[in-house]
Amino acid sequence: MEDASIWLAGLKNGLTDIMASVIDYLPSLAAAVVLLLAGWYIGKMARAGSIKITHALNRIMDGFVATGRLATIRVSESAASLVGNAVFWLVLFIFVTAAADAAGLTIFSVWLESIVTYLPNLLGGGFIIFVGYLVSIAIRDLVATALSTLSVRQSDMIGAILQWATFLTAVIVGLEQI
C-alpha cells in the first residue's frame, strides 16, 4: 500500500510540474496567437493596398505614356492579384517568424529569421530586374524611333539589340543583388 502512495505522490508531483510549465507557457502562446492574428489582418490590408497601388500605376501609365510600345504595358488584373497575394504571404511570413520567436520555438525561429533577413536582397534584385525590363523597352522605343526618323533601315533591330543589352545588364545586376 505504501508503494501505491509513493507512486501517487510521484504522479501528483509530475502532473503539478507539467501544469506549472503549461501555465508558464500560456503568455508566450497567447502572444504568438495575437501576432498571427495581427499578421493575417495586416496582410489582408497590405494585399488590398498593393492591388490599389497597381491600379494607380496603370492610371499613371495612362497619363504619361499614351503612345508607343510602352502604352501597351499595363498591370493586368491577374498580375495585380498575384502581387497582392505575394504581399499578403510575405507579411504573414514575417509575423509567423515573430510568433515563433514569441512562442519560444528557438530552432524554428532562427531558421525563419535567416529567411526573413534574405528577403530584402531577393525583393531588391527582383525590383532591379523589373525596372531594367521597363527601361529596356523605353530604350528600344527611343532608339528605334530616333533611327527611323533618320531613315536608318535596321532601326527596329538596333533598338531590339539595345533592349536586350539593357535587360541583360539589369538581370546580371539583379542576380548579383540576390
Side-chain angles (χ1 to χ4, degrees), residues 35-101 105 107-178:
L35 281 170
L36 288 175
L37 291 174
W40 178 77
Y41 182 73
I42 292 171
K44 290 195 68 88
M45 289 189 332
R47 175 194 293 161
S50 65
I51 290 173
K52 287 181 182 182
I53 288 171
T54 56
H55 292 309
L57 286 175
N58 281 341
R59 287 191 299 275
I60 289 170
M61 290 292 284
D62 288 338
F64 284 118
V65 185
T67 61
R69 291 185 183 135
L70 282 177
T72 61
I73 295 178
R74 297 293 179 267
V75 179
S76 69
E77 194 62 39
S78 61
S81 177
L82 179 70
V83 168
N85 287 332
V87 167
F88 170 78
W89 287 108
L90 178 66
V91 169
L92 192 61
F93 184 76
I94 291 169
F95 274 88
V96 165
T97 302
D101 192 38
L105 304 172
I107 294 174
F108 187 61
S109 177
V110 167
W111 179 70
L112 289 175
E113 285 174 6
S114 67
I115 293 173
V116 168
T117 56
Y118 182 69
L119 282 176
N121 292 340
L122 183 67
L123 294 175
F127 183 73
I128 289 170
I129 292 170
F130 176 71
V131 170
Y133 173 72
L134 294 179
V135 168
S136 72
I137 292 172
I139 286 173
R140 179 193 65 199
D141 284 348
L142 182 68
V143 169
T145 304
L147 291 178
S148 67
T149 59
L150 295 174
S151 301
V152 175
R153 288 179 160 183
Q154 304 296 327
S155 60
D156 287 336
M157 185 179 73
I158 294 170
I161 289 171
L162 289 175
Q163 175 189 5
W164 278 104
T166 304
F167 182 62
L168 287 176
T169 302
V171 167
I172 290 169
V173 171
L175 289 177
E176 184 179 338
Q177 173 68 30
I178 292 172

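When reading the values below, keep in mind they use all heavy atoms of this one structure, side chains included, and skip hydrogens, waters and symmetry mates. What you see is a predicted model, and the numbers here were worked out from it, not measured in a lab.
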Novice: Nearest 0.5 angstrom please: L82 CG to T54 OG1, how far?
Specialist: 10.5 Å
Novice: Atom CD1 of I42 and atom CZ of F95: how far apart are they, to the nearest 0.5 Å?
Specialist: 3.5 Å
Novice: Can you tell if the side chain of I137 reaches within under 4.5 Å of the side chain of Y133, non-hydrogen atoms only?
Specialist: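 I137 vs Y133: side chains touch.
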Novice: Rounded to the nearest 0.5 Å, what's the gap from CG on L92 to CG on N85? Could you check?
Specialist: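 L92 CG to N85 CG: 12.0 Å, rounded to 0.5 Å.
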Novice: Report all side-chain donor-acceptor pairs from residues 159-175 shorter than 3.5 Å, counting only partners two or more places apart or in another chain.
Specialist:
| unit_1 | atom_1 | unit_2 | atom_2 | d |
| --- | --- | --- | --- | --- |
| Q163 | OE1 | R140 | NH1 | 3.0 |
| T166 | OG1 | L162 | O | 2.8 |
| T169 | OG1 | A165 | O | 2.7 |

Novice: With a sphere of 6.0 Å drawn around CG of L150, does it hold more than 12 non-hydrogen atoms of other residues, nucleotides or ligands?
Specialist: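 Atom CG in L150 is packed in, count exceeds 12.
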Novice: Using a 4.5 Å cut-off on heavy atoms from C-beta on, say whether the side chain of F88 contacts that of W40.
Specialist: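 Yes, at least one pair of side-chain atoms sits under 4.5 Å.
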Novice: Working to the nearest 0.5 Å, report the span between OH of Y118 and CG of L123.
Specialist: 10.5 Å
Novice: Which value, rounded to the nearest 0.5 Å, describes the distance between I128 atom CD1 and E176 atom CD?
Specialist: 9.0 Å
Novice: Are side-chain heavy atoms of V96 and L36 found at a separation under 4.5 Å?
Specialist: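 In contact.
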Novice: So do the side chains of E77 and H55 get within less than 4.5 Å of each other, counting heavy atoms only?
Specialist: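 Yes, close enough: below the 4.5 Å cut-off.
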Novice: Say you draw a straight line from CG of L35 to OG1 of T97; how long is it, rounded to the nearest 0.5 Å?
Specialist: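 It is 10.5 Å, given to the nearest 0.5 Å.
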Novice: Is there a side-chain contact between R47 and V87, using heavy atoms and a 4.5 Å cut-off?
Specialist: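 In short, these two side chains do not touch, never coming nearer than 4.5 Å.
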Novice: If every non-hydrogen atom of A144 is compared with every non-hydrogen atom of D156, which pair is closest and at what distance?
Specialist: CB-OD1, 3.7 Å
Novice: Please report the shortest heavy-atom distance between G84 and S50, naming the atom on each side.
Specialist: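 So the two residues come closest at CA-OG, 3.2 Å.
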